[in-house]
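These notes are about the structure you will find just below.
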Amino acid sequence: MEIAIIAHDEKKADMVQFLNKNKEILLRENIKLIATGTNGRKAEAAGFKVKKMLSGPMGGDAQIAARVAEGKTKMGLFFKDPMSNHPHEVDINMLIRVCDVHNVPLATNEATAQLLLFGIDEMKK
């Protein structure tokens with residue numbers, strides 16, 4: 001299963017911490033990670049194998065949205081910072097819309113991301 005990981009700058013450390021905390025589930029379920037550029041580099045530095053797209057502002061969100069529309073990406077974990085303005089908010093909203101249109105779960109905070117991973121783990125039992 002392919003899962004996209006995305007995080008705003010203020011949430012990148014939280015994203016890496018989340019991945020480390022859930023490494024066992026990610027490995028056991030043979031999850032393939034894709035990420036926008038900087039997020040991918042940070043996840044790789046933490047020991048994860050990641051397919052990197054462009055950075056978000058350079059089109060990475062659109063690349064991930066295209067993979068969702070093609071049926072390749074089955075889930076998104078987006079560590080959003082709701083307290084900051086982001087110049088590429090239009091791209092983020094497009095990704096959210098594409099996930100909604102294609103009925104692909106997209107967590108926008110750590111609590112929901114955790115529930116989605118637990119759900120994958122439980123479905124396999």
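Small disclaimer: the values here were computed from a predicted structure and weren't measured.
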Closest contact, heavy atoms only, [X] versus [Y]:
X	Y	result
Ile25	Ile31	O-CD1, 4.5 Å
Ile64	Ala4	CG2-CB, 3.6 Å
Val50	Ala35	CG1-CB, 3.7 Å
Ile5	Ala43	CD1-CB, 4.0 Å
Ala113	Leu77	CB-CD2, 3.7 Å
Phe48	Asn20	CE1-OD1, 3.5 Å

Cation-pi, Phe79 ring and Lys12 (6.0 angstrom, 45 degrees): no

Let me see the working for Lys21 and Glu110 under salt bridge (Lys or Arg N to Asp or Glu O under 4.0 Å), right down to the final yes or no. CA-CA 11 Å; Lys21 182 172 92 175; Glu110 186 175 343; 3.3 Å; yes

Measuring only between side-chain heavy atoms, which start at C-beta, is [X] closer than 4.5 Å to [Y]?
X	Y	answer
Lys51	Lys32	no
Leu117	Leu26	yes
Asp100	Arg97	no
Met58	Gln63	no
Val104	Lys74	no

In this structure, are over 12 heavy atoms from other groups packed under 6.0 Å from [X] atom [atom1]?
X	atom1	answer
Glu24	CD	no
Lys23	NZ	yes
Glu44	CD	yes

Point-to-point distance, once rounded to the nearest 0.5 Å, from [atom1] of [X] to [atom2] of [Y]:
X	Y	atom1	atom2	answer
Leu115	Asn109	CG	CG	9.0 Å
Ile6	Ile92	CD1	CD1	8.5 Å
Asp81	Glu10	CG	CD	4.0 Å
Gln17	Asn22	CD	CG	10.5 Å
Lys80	Leu106	NZ	CG	9.0 Å

Residue that, paired with Asp61, satisfies side-chain contact (heavy atoms from CB on, under 4.5 Å) out of Val98, Leu54, Thr36: Thr36

Go through it in stages, so that I can follow the logic: the residues are Ile3 and Leu116, the test is side chain to side chain contact (heavy atoms under 4.5 Å, CB included), and I'd like the CA-CA distance, side-chain angles, deciding distance and then a yes or no. CA-CA 11 Å; Ile3 296 179; Leu116 289 177; over 6 Å; no

Are Asn39 and Lys52 close enough, and set up right, to give a side chain to side chain contact (heavy atoms under 4.5 Å, CB included), and what steps lead you there? CA-CA 8 Å; Asn39 294 302; Lys52 293 185 298 296; over 6 Å; no

Under 3.5 Å donor-acceptor, His102 side chain and Val68 backbone: no

Any link between Phe18 and Met1 through a network of hydrophobic side chains (Ile, Leu, Val, Met, Phe, Trp, Tyr) touching at under 4.5 Å? yes

Chi angles and distances behind the side chain to side chain contact (heavy atoms under 4.5 Å, CB included) call for Asp14, Lys11: CA-CA 5 Å; Asp14 294 340; Lys11 296 289 187 171; 3.4 Å; yes

List the steps and the verdict of side chain to side chain contact (heavy atoms under 4.5 Å, CB included) for Met75 and Ile120. CA-CA 10 Å; Met75 181 183 296; Ile120 291 170; 3.3 Å; yes

